[in-house]
2 protein chains.
Amino acid sequence: MTLSTDQQQVIERIGVFFETKGNQPILGRIIGLLMVADDAEATFEDIQKCLFVSKSAVSQALTLLQSQNKVEYITKPGERKRYFRLKIRNWKTDIQEDMKNVFKFNDVLEEIIAMRGDKNEEFNKYLVEVSNFMKFLKAELPILIESYKKSCK
Amino acid sequence: MTLSTDQQQVIERIGVFFETKGNQPILGRIIGLLMVADDAEATFEDIQKCLFVSKSAVSQALTLLQSQNKVEYITKPGERKRYFRLKIRNWKTDIQEDMKNVFKFNDVLEEIIAMRGDKNEEFNKYLVEVSNFMKFLKAELPILIESYKKSCK
DNA sequence: ACTTTAGTTCACAAAATTATGAACCAAAAA
DNA sequence: TTTTTGGTTCATAATTTTGTGAACTAAAGT
């Protein structure tokens, strides 16, 4: 597999994007490669060669990405190689996943609200407001997604 | 300033939350401390003592948090000490900030879509779908926020 | 039976991040 | 004018994260 300079640059940018989101460098680049690759898939060797990293780095990264449900592989008849690709999950699932995280924070927030004294009512009020909005969002987002899906038909 | 064991534990949990979001450890703990503190503020010294970190670590962390617009300080008449506190920004601003990031990714996504060949139309279609949904979200979120604000009155 | 392919595992090296302490500074107090 | 307070700065130490290479495995090919 050969990449154009353009493709390589986009891979780096996707890499940086995922890196700043708190992931380790190769993960983002592998995702980038899989997004950019003509047929949207790459073998173990492709990944190694395109990203200039060691076998073990690729192996570990792929294991992680698969455990995160971001990557999967297919095989082709008569070939031993695995073809890795991005797991096409519907964005509905992805967003709900993200939301879970938001609400995990809301749980902590509610705990804080419950534990706070009344020395600073303005701040307390602010926390309650944020928490309420999070709960609102939790309720509304699925509805929003539905309305989007309808608008597509 | 003295903290209860409960408060300390919540601070650690908030710390971990921010850490996993890709921030450095003390940042999250300082935010935790400022959320949990009775009067929602703390001096430089308070922070140092409560979190058991060096002066320089506190200084650097506060500089960063202030540059990120997450923390500010007030002063009190006749006192030289600064009282640091969370900057109460309305969640509207915060969320719009987060959104900016999502849309920065959508820009890359659109670039990828434009650059991809037609070897894998299913994948292309998927990318377009995700991109469209992001654009939809960009348009709808402000409306959602408005409708929440109305529901509060 | 042995060689090759396609990867995995793990101890460790390299690199990046984070925290420290010592020296510093500017304003206020003594 | 010297000292104290409330920090800041910066080189570097400590820690964590990330990547490597060597040894290994299991299935397939010869």
Side-chain angles (χ1 to χ4, degrees), chain A residues 1 8 11-12 14-34 37 41-68 70-85, chain B residues 1 8 11-12 14-34 37 41-68 70-85:
Chain A
M1 187 194 290
Q8 287 188 340
I11 290 173
E12 290 307 313
I14 298 173
V16 170
F17 181 83
F18 280 89
E19 225 176 305
T20 54
K21 285 256 165 196
N23 300 294
Q24 66 190 77
I26 359 171
L27 299 192
R29 262 151 234 179
I30 291 178
I31 290 174
L33 174 58
L34 296 178
E41 61 186 27
T43 65
F44 194 101
E45 211 195 341
D46 289 335
I47 297 172
Q48 232 204 113
K49 297 260 167 83
C50 291
L51 305 183
F52 307 98
V53 284
S54 66
K55 256 174 115 175
S56 44
V58 173
S59 173
Q60 280 160 8
L62 286 175
T63 303
L64 193 55
L65 285 170
Q66 288 172 96
S67 82
Q68 290 175 352
K70 295 208 177 93
V71 164
E72 64 186 353
Y73 67 84
I74 55 157
T75 49
K76 298 191 178 180
E79 276 193 75
R80 273 177 75 194
K81 278 184 188 174
R82 294 170 190 174
Y83 288 81
F84 295 92
R85 39 149 90 172
Chain B
M1 187 194 288
Q8 288 188 340
I11 291 173
E12 291 307 314
I14 299 174
V16 170
F17 181 83
F18 280 88
E19 225 174 305
T20 54
K21 284 255 163 197
N23 301 292
Q24 65 189 80
I26 356 171
L27 298 192
R29 263 151 233 180
I30 291 178
I31 290 174
L33 174 59
L34 296 177
E41 61 187 28
T43 65
F44 194 100
E45 212 196 341
D46 288 337
I47 296 173
Q48 233 205 111
K49 298 261 166 83
C50 292
L51 305 183
F52 307 97
V53 285
S54 67
K55 257 175 114 174
S56 45
V58 174
S59 174
Q60 282 160 8
L62 286 174
T63 303
L64 193 55
L65 286 171
Q66 288 172 96
S67 82
Q68 290 176 353
K70 294 210 177 93
V71 164
E72 62 184 355
Y73 66 84
I74 54 156
T75 49
K76 297 190 179 182
E79 276 192 76
R80 274 176 76 193
K81 278 183 186 175
R82 295 169 189 175
Y83 288 81
F84 296 92
R85 38 150 90 172

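Residue numbers begin at 1 in each chain, while the letters A, B, ... track the order of the sequences.
A heavy-atom distance below 4.0 Å to DNA chain D is reached by these residues of residues 43-60 of chain A, ordered by number: V53(A), S54(A), S56(A), A57(A), Q60(A).
Counting only distance, with no hydrogens or angles, the side chain of N23(B) and the backbone of G28(B) share no donor-acceptor pair below 3.5 Å. The main-chain N or O of L64(B) is found under 3.5 Å from a side-chain atom of S67(B) such that the two form a donor-acceptor pair. Side-chain atoms of Q48(A) never come within 3.5 Å of backbone atoms of F44(A) as a donor-acceptor pair (strictly under, hydrogens ignored).
Within a 6.0 Å radius of OH in Y73(B), no more than 12 heavy atoms belonging to other residues, nucleotides or ligands are found.
Ranked by how close their nearest DNA chain D nucleotide is to the 5' end, Q24(A) and F84(B) are led by F84(B). Annotation: of the two residues near DNA chain C, Y83(A) and E19(A), the 5′-most nearest-nucleotide partner is Y83(A).
I26(B) comes within 4.0 angstrom of sugar-phosphate atoms only, judged by non-hydrogen atoms across all strands, and of no base.
Note: CG (L62(B)) to C1' (dT9(D)) measures 15 Å, nearest angstrom.
Contact footprint of chain B on DNA chain C: nucleotides with an atom under 4.0 Å from a non-hydrogen protein atom, first to last in 5' to 3' order, dT18(C) to dA28(C).
With a 4.5 Å cut-off on side-chain heavy atoms, L33(B) and M1(B) count as touching. Taking the side chain as every heavy atom from C-beta outward, K70(A) and L27(A) never approach each other to under 4.5 Å. Looking at T43(B) and Y83(B), their side chains come closer than 4.5 Å, going by heavy atoms from C-beta outward. Counting heavy atoms from C-beta outward, L51(A) and I11(A) have side chains that approach closer than 4.5 Å.
Among Q24(B), Q8(B), E19(B), the one residue that satisfies the side chain to side chain donor-acceptor pair (under 3.5 Å) test with R29(B) is E19(B).
An OP1 or OP2 oxygen of dT8(D) is reached within less than 4.0 angstrom by a side-chain nitrogen or oxygen of R82(B).
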Between the protein and nucleotides 27-30 of chain D, which nitrogen or oxygen pairs are less than 3.5 angstrom apart?
unit_1  : atom_1 : unit_2 : atom_2 : d
dA27(D) : N3     : R80(A) : NH2    : 3.2

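E72(A) contributes atom CD, which lies 11.0 Å from atom CZ of F84(A) (distance to the nearest 0.5 angstrom). Here F18(A) contributes atom CZ and I30(A) contributes atom CD1; the two are 12.0 Å apart, rounded to the nearest 0.5 Å.
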